[in-house]
Engineer: 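Dropping a structure here in C-alpha cells format, bear with me for questions.
Chain naming here is simple, since letters A, B, ... match the order of the sequence lines and numbering starts at 1 in each.
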Amino acid sequence: MPEINLVEAVNQALAYEMEHDPSVMALGEDIGVNGGVFRATLGLRERFGQDRVLDTPLSEVLIGAMSIGLSTMKIRPVAEIQFSGFLYSNLDNIINHASRMRNRTQGRLSCPMVIRSPSGGGIHAPEHHSESPEAMFAHVPGIRVVIPSSPLRAYGLLLAAIRDPDPVIFLEPTRLYRLFKQEVPDNGKAELLDVCLTIREGTDVTLVSWGAMMNEVQIAAETLSTEGIEAEVIDVATIKPLDMETILKSVAKTGRCVIVHEAPRCAGFGAEIAANLAEHGLLTLFAPVCRVTGYDAVMPLAKLEKSYIPSVEKIIKAVRKTVQFA
Amino acid sequence: MPEINLVEAVNQALAYEMEHDPSVMALGEDIGVNGGVFRATLGLRERFGQDRVLDTPLSEVLIGAMSIGLSTMKIRPVAEIQFSGFLYSNLDNIINHASRMRNRTQGRLSCPMVIRSPSGGGIHAPEHHSESPEAMFAHVPGIRVVIPSSPLRAYGLLLAAIRDPDPVIFLEPTRLYRLFKQEVPDNGKAELLDVCLTIREGTDVTLVSWGAMMNEVQIAAETLSTEGIEAEVIDVATIKPLDMETILKSVAKTGRCVIVHEAPRCAGFGAEIAANLAEHGLLTLFAPVCRVTGYDAVMPLAKLEKSYIPSVEKIIKAVRKTVQFA
Amino acid sequence: MSTIAEFKIPYSQFLDHKGEVVQPLPEFAQDSKILIPLYRAMVEKRTFDSKAIALQRTGRMGTYASSLGQEAVGVGIGAAMKADDVLVPSYREYGAQFWRGVKMREVLLYWSGDERSNNYECQKTDLPICVTIGAHAGHAVGVAYALKLRNKNQAAVCTIGDGATSKGDFYEAINAAGVWKLPLVYVVSNNKFAISIRYEQQTAAQTIAQKAIAAGFSGEQIDGNDVIAVRQAVDQALQKARRGDGPTLIEAMTYRLSDHTTADDASRYRTQEELSQHWVFEPISRLRKYLTELKVWGKNEEDALIKECAAKVQREVDEYLNTPPQDPSGMFDHLYETLPSAFEDQREELRKKGRVHA
Amino acid sequence: MSTIAEFKIPYSQFLDHKGEVVQPLPEFAQDSKILIPLYRAMVEKRTFDSKAIALQRTGRMGTYASSLGQEAVGVGIGAAMKADDVLVPSYREYGAQFWRGVKMREVLLYWSGDERSNNYECQKTDLPICVTIGAHAGHAVGVAYALKLRNKNQAAVCTIGDGATSKGDFYEAINAAGVWKLPLVYVVSNNKFAISIRYEQQTAAQTIAQKAIAAGFSGEQIDGNDVIAVRQAVDQALQKARRGDGPTLIEAMTYRLSDHTTADDASRYRTQEELSQHWVFEPISRLRKYLTELKVWGKNEEDALIKECAAKVQREVDEYLNTPPQDPSGMFDHLYETLPSAFEDQREELRKKGRVHA
Ligand SMILES: Cc1ncc(C[n+]2csc(CCOP(=O)(O)OP(=O)(O)O)c2C)c(N)n1
Ligand SMILES: Cc1ncc(C[n+]2csc(CCOP(=O)(O)OP(=O)(O)O)c2C)c(N)n1
Ligand SMILES: [Mg+2]
Ligand SMILES: [Mg+2]
C-alpha cells in the first residue's frame, strides 16, 4: 500500500464518502477545477461532477450559511474555508445557527455539516493564513471541534465528522499536510470522535496536545526518554466535547501535566484542560500544570513564525521543570 | 446628586467624552433619534448632531469595519452593537484588523476604538440577545475586554476605554442596566483598566467574577458571611489583559477559589483563571478550584434562562463545598 | 462613452387602495372563491395580531413583533407557494406561516420564550424564523441548492425586511443564487422601517428591487398591500424558478402600522400624522371593498368571519396558555443528537434541580 | 406593469489596444509631459514585478502576488489622486502605492514576511494592503467618513478585485457610502479571476459596475488597460467626491496575465491560448505605440528607461536584502501602545531566547 500524506488522506476520505453517500457534497473556493489551494479536493470534481463539488464565489459567510440550509434539507455539506483566518466571518452562522438549529427546532431540523479549514502556522504563508482558532469554537455549545494529527487520523476522523449528525469544525494542521506519510487503508472505517488517544505510555508526566504540535510533542517525548523521563502522550483530537477522563486518569498516574498548543495562551484551549485538572485532579497533582503555548501576540508573518510556535526545546524544558518540581 | 442606573452611567460617560473630545463619535443601529434600544445614547444626537451620533444601516460588519477606518484617521469611534449575538459577525474585523493594525504597521496606524454591546441574559429577551461572549474576545491578542459591574464602574471604565489607545470591547451587562442606582459624579475621571478590584475582603475563600454575576456573587458573599464564611470578592472588570496578580495574592491568603461566570463552562474565561491558579498558585490551594458557570448548552429562550444563569444558591453551595474541603 | 448595460425595474399593482382595479386581473383573481380565502386569512392574521399584543401587554407573553398592515405580503406568499416548496421566513410573515401549517399557538409559544414552539406539528420542512437579521438569506441558498440537486421541481421562498437588505449576508446570498440560477424567490417586505431607521437612512437605492441587478437577475417592485399583486408576482417567480430560469427579487411595498415590537415605542421616531396617512393604504379594507362590490361579500359574511376568527384565536390562546412547562434539563435534550457523555452531568444537575421560577 | 426605475452603465476607453485614439482625449492626455510619467511608472512597476518573482523563485522572498498586465489600473489611480487623499489598497495595486511613496523595498519586505514593511517611510496615512479579501471596503468607509467629518476636501480611493465584490463586506460598505454620500471612489480591478474562479462563476451580473445600482450611486465600466481611461475616470470621480456628490464605483476591465501568486499554477485552470489572447490587450505597449506615433518616445528613451528601471529596482532589492532581521520580541513591541504588564514576561522570554532560524 502506498503511503500518503495528510492532505491526501483528507482527499481519500472525501472521495470515499462521496462515493458511498450520495447526499455528501463539497463546497468552497477553488475546490473544483483547481482541486483546492492545498489540493485536498483534487480530482473530486472530475469524479463527482461540479454540482457536488461546488466552486463558490468568494463569499465565506455564504459558504457557512448555505451549508446550514443544505444540511437542514438532508444534504451533507463538507465546506472548505481556504485558510483559518477567513473562518472568523463564519462564526456568526456557526454560533447562531449551525450549532442551534437542532435545539431551536427540538430535533425537527438539524445541521450535520462539516467545515474544514487548514489551521496553524509554519508554512511561511501570508497574514491570516496561520491562525489557531480552536478555543473559540470549543466555547460554542452544540458543535464538535476535531483536529487530526496524522494522515491515518485525518482519514478516520474526517469520515466520522462527515457521518456525525451534528456540525463539526474540522481543523487540518497545515504544517502536517505534507510533513510525513503513512499507509492509510481506504476502508471507510471512521475513528471514534469524542475521545482522546494515548499515543505513548509513560509514568513521569502527561503531555497533552493536538494537531500539528503533536509532532513537536512526540519528538520531545522521545528525547526526554533518552534522559530517563517517560512521558505519557495524549492526542486530544476531539477538542470539543473534551474527553477529560482520559487525561485525568493519566495525570492520576503521572502526577504531572504539560499542555502544549500553538494558539495564544490567554483563554486558549489549554486553559480548559488545566482548569479541569485544578478542579477534578487537584489532589493528584505533584507539580504545577504547565502550559507551553504560542504567545499572546499576533501570529507573526513568516519571518518570526518559528519564534512564535512552541519549539521542541521549549517543550522539553517545560517537562524537565515539571518533572523536577518537588 | 441624583442616583443613576448603569445605562444612564454609560450615557453620562459618552456625553462627557463627546463634550470634551471632539474626535469622539458614536455609531450604531438606532442610536440616533431612538437613543439606542436601551437608551444608552439618549439625547446625544440632539446635543452633538447626527454626524457625530451616527445611525447606521443594519450592517454590523460595516459598523466594525468603518470603526477601524475611522480610528486609523484619528477619529475615536464608540460603536454600539445592538445585542451581543450580533457581535459575532464583527469578530472577523476585530481579530483580523482592529487588533492588528498597530502591529501590522509597527505603530504607524492604530485603532483606538470601542465596541460597546449589551451582554448576558436575564431580561427575557429573544434569541441571540443574551449571549456572554467575553472568552472569545479574551483569546484575541492586541485588544482589551472590559466589563463593568455597577453604574460607577461603567462610567469610569467606559471613559478609560474611550481614551485607551487600543481597541476595547466593552460588554455591558444587560441585566444590570436598570437593576440598581448609584451616585455617579460626572467628573470625567476614568477608572484604571487592566486591574481587578477587590470588592470585599475575606479570609476563607476567594470569589472571582465579573459583570452581571457580580450581583449574585455579592449577595452570596453577604449570605455566607452570616454563616461565618468570609469571602474575598474580586471583580475582574478587565478580562483582558487579566490582572492575575491580584487573584493569586488573594488565593495565597484564602487558599480557596470559586470562579463564577454566566457563559458556558467549556473554554469560558473562568478556565483561564483556574489554569493560572493551577500553574502559579498550586501550592497555595487547599481545595479544588471550582467554576460555577452557565451550562454547555445554548443559552435558552426566556422561559429557561433563569435555570441557565448561575443562581445565588448555586454559588453558595459551591463556596460551602470549597470551604469545607479538607 | 457608450452604454454597456441597461436595466428597468417594473412596478405592479392590481387593486389600488380604494379597491379599484387598475389593470386587468390575473386569472386566479377573477375567481372570488380564490380571493375570499385570501381575505379571510388576512383578517384571521390581524385578529391573531391584536390578541398577541394583548397577551404581551397583560404579561402573559414576551416581546412580540406585530405585522399589522403587512398582512397581504405573508398571505400572498402562502397562497402562491405549493405545499412542498420551502419557506425560509423572517419574523413578520405569520400570514405565510399560518397558511403553511404553522399553528398560532406555536407562534405564541415562541414569543413566550420556549424553543419547543419551532417544532411545528404540521410543518416539518420550513425553517423557523431567523432572529439574526439577514442570515437566513444565505440559509435559503442552501435550501434552494438542495432542491435543485434533487431536481424535484420545488422552489424556496425567503422573506426578509428592508433593513435586512443592508446585511452582507443578503448580498452574498443573492449573488450566489444568481450564479447558480437557483429556484429561489426573495420577497422583501419594505415596510419603510428597520426599528427606527427609515428607508432613506438604510440605503440610497431608489428601490430595493434594483438590488437584484447587483446579482444579475431580475427584480421587481409590487404593491405589497395588494394581496393580488403579491400572489401573482410570487406565483410568476415560482414558475420561473421551476422552469430553471433562476431567482427573482420581489420588493413588496408596505408599511409597518405597528411599533417595531412590543418593546419599541415608535412614537419616538414617527408622528401620529404619518401613521394615519399610511392607514389609508392598508391591505384588508381595499379587498373587502372590492369583494363587496362584486357582491360576494357582505355584512353577514363579515360578522361571521369576525366571530370565527375570534373563536379560533381564542382556542389557540387557550392551548398556548395550557402548554405544560418544559423541564430545564430539556436544554440538553436536543443540543446534539446524542448528548456526549462530557455533558451528561450537567443535564443530570438540571434534572435534579428542576425548574427555577423567575 | 409600469417602470419605476431605469439605469444605464456607461463604458469608456480612449486608447484601444492598438494604441489608437477612439474618442477625444481628456485635457491631461493631450500633454505628453503628463503621459510619459504614466508610461514610465507602468514600465517601472513591471520591471519590479519580474524581479520580485525572480526573488521568490530563488528562495529570497516568500509568496508574491504579481500584477502583470494590470499596470494601468494602479498607475492611473496613483496619478489621479492628490497627495493628501487616502488610498485603501488591495494587494495588486503596487502601481498606485509606488506613486504615493511606498518603497519597492517595503513591498519586498512585506512579501518576505516582515511586519516592519508596512511602516512606510514616506507614506504615513494610506492603509497597508488588506489580505482578508473585501474587508477593507468597509475600512474605506470609515476613512472617507473621517475625511467628510473633517471637511477638508479630501477623498479616499479603495481598490479591490472582482472576487472581492462577492463579499458581503463590500456591499455593506458601498450601501453605507451611498447613504452618507461619502467622498469615496471604489475601483474594482476586474482581472477576470479570483484565483481559479472565473468571472462567470463569481457573479451573474453582466458588469461589476452595475453593483453600484444596489447602493444607489453610479457605476461605470472602463478599459482598465488604458491608463488614460483609468486616470480620467478616477479623476472625475474624485472631483465628484470633493464636490460632495458622493461615491462612484469604477470597474476597470483588465486581465491577470500572471499566476494568482507564486504559490499558484494557473495552467491548472486556463490554457496557454487564452493567456496569449489577452496579451494583445496589455496596457504598456499600446501607450508606447501612441507615444511613439506622437514622436515623443523612441528607442533611445526606451533603452534609457529600461536601464533606469533595472538600476532602481536593483537598488531597492539590495536595500531589501540588507534589511537586518527583527528581534522576535518585536512581536510585542507594537501589540499595544504600551505593553500591559501581564505580557511583559512573554516579551522578556523572547528577548532572552533571541531569533529562531527556520
Ligand atoms: C444581525 C442583527 N442585527 C440587529 C438586530 C436587531 N433588530 C431586530 S429587528 C431589526 C430591524 C429589522 O428591520 P427590517 O429588516 O426592515 O425588518 P422589519 O422589522 O421592518 O420587519 C433590528 C435592527 C437583529 N435582530 N439582527
Ligand atoms: C476573505 C478571504 N477569503 C479568501 C482569501 C484567499 N484569497 C486570496 S486572493 C483570492 C482571490 C481574490 O480575487 P480578486 O478579488 O478578484 O482579486 P485578484 O486576486 O484577482 O487581484 C482569494 C480567494 C482571502 N485572502 N480572503
Ligand atoms: Mg422593515
Ligand atoms: Mg480578480
Engineer: Top residue by heavy-atom pair count (under 4.5 Å) with chain C, among D:Ala215, D:Ala173, D:Gly246?
Structural biologist: D:Ala215
Engineer: Produce the donor-acceptor pair table for chain C versus chain D, cut-off under 3.5 Å.
Structural biologist:
from, atom 1, to, atom 2, distance (Å)
C:Ser2, N, D:Tyr11, O, 2.9
C:Ser2, O, D:Tyr11, N, 2.6
C:Ile4, N, D:Ile9, O, 2.6
C:Ala5, O, D:Ile9, N, 2.8
C:Phe7, N, D:Phe7, O, 2.9
C:Phe7, O, D:Phe7, N, 2.9
C:Ile9, N, D:Ala5, O, 2.8
C:Ile9, O, D:Ile4, N, 2.6
C:Tyr11, N, D:Ser2, O, 2.6
C:Tyr11, O, D:Ser2, N, 2.9
C:Ser166, OG, D:Asn175, ND2, 3.2
C:Gly168, N, D:Glu172, OE2, 2.6
C:Glu172, OE2, D:Gly168, N, 2.6
C:Asn175, OD1, D:Thr203, OG1, 2.6
C:Asn175, OD1, D:Lys211, NZ, 3.1
C:Asn175, ND2, D:Ser166, OG, 3.2
C:Asn175, ND2, D:Gln202, O, 2.8
C:Gln202, O, D:Asn175, ND2, 2.8
C:Thr203, OG1, D:Asn175, OD1, 2.7
C:Gln210, NE2, D:Ile213, O, 2.9
C:Lys211, NZ, D:Asn175, OD1, 3.2
C:Lys211, NZ, D:Ala214, O, 2.9
C:Ile213, O, D:Gln210, NE2, 2.9
C:Ala214, O, D:Lys211, NZ, 2.9

Engineer: If the condition is side chain to side chain contact (heavy atoms under 4.5 Å, CB included), which residues does D:Val230 pass it with, not counting sequence neighbours?
Structural biologist: D:Ile77, D:Ile222, D:Val234
Engineer: Minimum heavy-atom separation for D:Ala214 and C:Ala205, please, with both atom names.
Structural biologist: O-CB, 3.5 Å
Engineer: Where on D:Ala5 is there a heavy atom nearer than 4.5 Å to chain C: the side chain, the backbone, both, or neither?
Structural biologist: both
